[in-house]
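Sequence lines set the chain letters: A, B, ... in the order given, protein chains first and strands last, and positions in each chain run from 1. For the numbers below, each heavy atom of this structure counts, side chains included, while hydrogens, waters and symmetry mates do not.
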4 protein chains.
Amino acid sequence: MSYVFPQKILFKHCDPAGIVFYPRYFEIINDCVEAFFDDVVGLPFEQLHGYGGVPTAEIRTTFKAPSRHGDRIVLVLDCLKVGRSSLDLSIVASQGDEVRFISHSTLVLVNDEGRPTHWPDTVKAKLIQQMKGAE
Amino acid sequence: MSYVFPQKILFKHCDPAGIVFYPRYFEIINDCVEAFFDDVVGLPFEQLHGYGGVPTAEIRTTFKAPSRHGDRIVLVLDCLKVGRSSLDLSIVASQGDEVRFISHSTLVLVNDEGRPTHWPDTVKAKLIQQMKGAE
Amino acid sequence: MSYVFPQKILFKHCDPAGIVFYPRYFEIINDCVEAFFDDVVGLPFEQLHGYGGVPTAEIRTTFKAPSRHGDRIVLVLDCLKVGRSSLDLSIVASQGDEVRFISHSTLVLVNDEGRPTHWPDTVKAKLIQQMKGAE
Amino acid sequence: MSYVFPQKILFKHCDPAGIVFYPRYFEIINDCVEAFFDDVVGLPFEQLHGYGGVPTAEIRTTFKAPSRHGDRIVLVLDCLKVGRSSLDLSIVASQGDEVRFISHSTLVLVNDEGRPTHWPDTVKAKLIQQMKGAE
């Protein structure tokens with residue numbers, strides 16, 4: 001099942017051309033992933049970062065059309081693949097029918113020393129369930 | 001010829017885990033590209049944005065190892081391909097022998113209305129020369 | 001009447017000490033003011049910036065206690081004084097009974113050329129009403 | 001003696017009105033203070049945050065004139081008062097003769113538990129010397 005994260009484009013996101021400055025999109029993507037782990041996975045980042053974290057190992061993003069101040073975009077997050085300590089995600093952001101960007105990323109759960117570590121069973125179950133739901 | 005952009009990792013770049021928060025890397029990448037257009041290409045963004053801009057159409061980044069507060073990384077930018085209105089870049093960031101991230105991106109020159117437009121001849125010549133110099 | 005703006009403290013807001021990096025508070029303050037102009041004043045920034053803007057002329061902030069990742073703070077915005085083209089605001093941010101910061105700022109409405117310009121009558125009425133409501 | 005910190009206004013600093021978005025100024029102010037502690041005080045933040053930090057307790061800023069993309073501003077930092085664990089600073093930012101903003105802040109040295117702690121003697125000596133030098 002897809003996770004839906006709405007975001008109004010605010011003044012702080014926009015550049016002198018009046019469109020979103022792309023590094024701000026990555027802040028929005030991170031907010032979306034953080035909300036997903038809180039709302040759906042039951043593993044809020046603020047707890048997670050107590051014993052490690054989920055750094056992004058790789059991210060590929062294609063910007064299809066610019067977003068402007070005041071736009072109300074929606075990010076749709078899907079789990080593509082759940083590894084022992086990794087998670088492949090896709091995020092598609094749109095306003096109405098118009099796609100604004102498509103992003104694929106791989107996250108890795110790491111321990112306090114920054115080493116990859118297994119997803120806890122309950123977390124892994126949630127991620128797989130989320131993936132199955134997407135089918 | 002490669003363009004070299006040094007960057008000390010500052011307090012503002014780092015997250016609660018004490019490493020660079022990856023959206024900040026994209027600000028650093030943008031600073032590097034902006035400095036390259038100013039120092040080498042002779043087309044400062046502040047002039048360029050008068051009649052358009054060079055938005056990023058696509059970017060793929062692999063994070064190899066974390067950077068910590070106080071690290072002094074060096075970004076090495078190379079021009080891979082110069083199109084009519086596009087530019088393919090690679091940026092490799094390292095501290096000493098350790099690669100921190102590798103990024104490939106495609107920029108597009110657009111006019112005031114956001115439509116792709118040809119590189120001015122002198123700019124294209126500089127970009128191609130930079131590419132040749134890389135050989 | 002006070003305007004209330006809740007904000008969860010997210011990963012992106014926090015520094016290596018695990019508390020909010022204070023420049024991020026100013027982004028949150030700006031988000032709060034932007035939401036106030038949208039929700040209450042009926043003058044969304046995205047329209048406002050079509051014919052000028054409301055830059056901040058002065059801001060004084062006292063940080064009383066740190067906020068940590070996962071905290072749920074609430075900003076309470078009050079209009080203190082409405083001038084011809086200016087607006088004095090206070091914002092008090094708390095979690096529960098604990099005040100986190102207190103901020104006083106002066107905004108100025110400017111036209112396309114950056115010159116101070118009168119609040120439109122309907123806007124001024126809303127701002128004054130909001131101030132009266134605070135009594 | 002004043003500490004001088006030059007900063008070119010970059011694309012990332014600017015908003016849809018083409019001027020610096022004021023929360024970005026606070027990032028620049030923090031960069032300036034961080035560089036001052038590294039270059040002059042001999043207490044780099046990356047070491048300092050190992051055993052605590054220097055959070056900002058209070059900051060008052062007046063924005064005199066807008067800065068635009070491409071401007072080359074200079075921040076001039078002066079130590080006004082050195083307490084047991086606090087430091088009062090002023091920062092004046094200008095381009096040429098035109099002042100862009102004036103900021104007064106109070107920093108406090110805190111230990112790992114976030115409690116105020118005395119400046120180490122050598123640090124305090126440096127700060128006082130810097131203050132005397134300003135006379």
Side-chain angles (χ1 to χ4, degrees), chain A residues 5-56 59 66-73 75 95 105 107-110 112 114, chain C residues 5-56 59 66-73 75 95 105 107-110 112 114:
Chain A
F5 183 82
Q7 174 71 57
K8 186 182 178 186
I9 300 302
L10 300 172
F11 190 63
K12 69 177 174 187
H13 297 127
C14 296
D15 68 18
I19 62 176
V20 173
F21 178 50
Y22 82 88
R24 309 293 168 229
Y25 271 142
F26 291 102
E27 295 189 52
I28 294 171
I29 286 172
N30 196 73
D31 289 351
C32 172
V33 172
E34 184 167 347
F36 170 71
F37 270 81
D38 190 0
D39 291 349
V40 174
V41 184
L43 192 59
F45 273 18
E46 59 266 26
Q47 294 174 22
L48 217 150
H49 283 91
Y51 65 84
V54 274
T56 297
I59 187 162
S67 294
R68 298 186 180 284
H69 188 192
D71 283 357
R72 293 174 182 276
I73 65 172
L75 279 69
Q95 177 168 280
S105 58
L107 313 180
V108 178
L109 183 69
V110 300
D112 274 350
Chain C
F5 184 83
Q7 174 72 56
K8 184 180 179 187
I9 300 301
L10 300 172
F11 190 63
K12 69 176 174 187
H13 297 127
C14 296
D15 67 17
I19 62 176
V20 174
F21 178 49
Y22 82 90
R24 309 292 169 231
Y25 271 142
F26 292 102
E27 294 189 53
I28 293 172
I29 287 172
N30 195 74
D31 289 351
C32 172
V33 173
E34 184 167 347
F36 170 70
F37 270 81
D38 189 1
D39 291 348
V40 174
V41 184
L43 193 60
F45 273 17
E46 59 266 27
Q47 293 174 22
L48 217 150
H49 283 92
Y51 65 85
V54 275
T56 297
I59 187 161
S67 295
R68 299 186 180 284
H69 189 192
D71 283 357
R72 292 174 182 276
I73 65 172
L75 280 69
Q95 177 167 280
S105 58
L107 312 179
V108 179
L109 183 68
V110 300
D112 274 349

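- Using a 4.5 Å heavy-atom cut-off against chain A, the contacting residues of residues 28-38 of chain C are C:Asn30, C:Asp31, C:Glu34, C:Asp38.
- Formation of a donor-acceptor pair under 3.5 Å by the C:Asp71 side chain with backbone atoms of C:Ile73 is not found in this model.
- The line from CD of C:Glu27 to CD of C:Gln7 is 10.5 Å long, rounded to the nearest 0.5 Å.
- Here the NZ atom belonging to A:Lys8 is positioned 6.0 Å from the NE2 atom belonging to A:His69, to the nearest 0.5 angstrom.
- Note: A:Ile9 CD1 to C:Glu46 CD = 10.5 Å, rounded to the nearest 0.5 Å.
- For the pair C:Phe26 and C:Ile59, the minimum side-chain heavy-atom distance is below 4.5 Å.
- For C:Phe21, the ring-ring contact (aromatic ring centres under 6.0 Å, His included) partners at least two apart in sequence or on another chain are B:Phe11.
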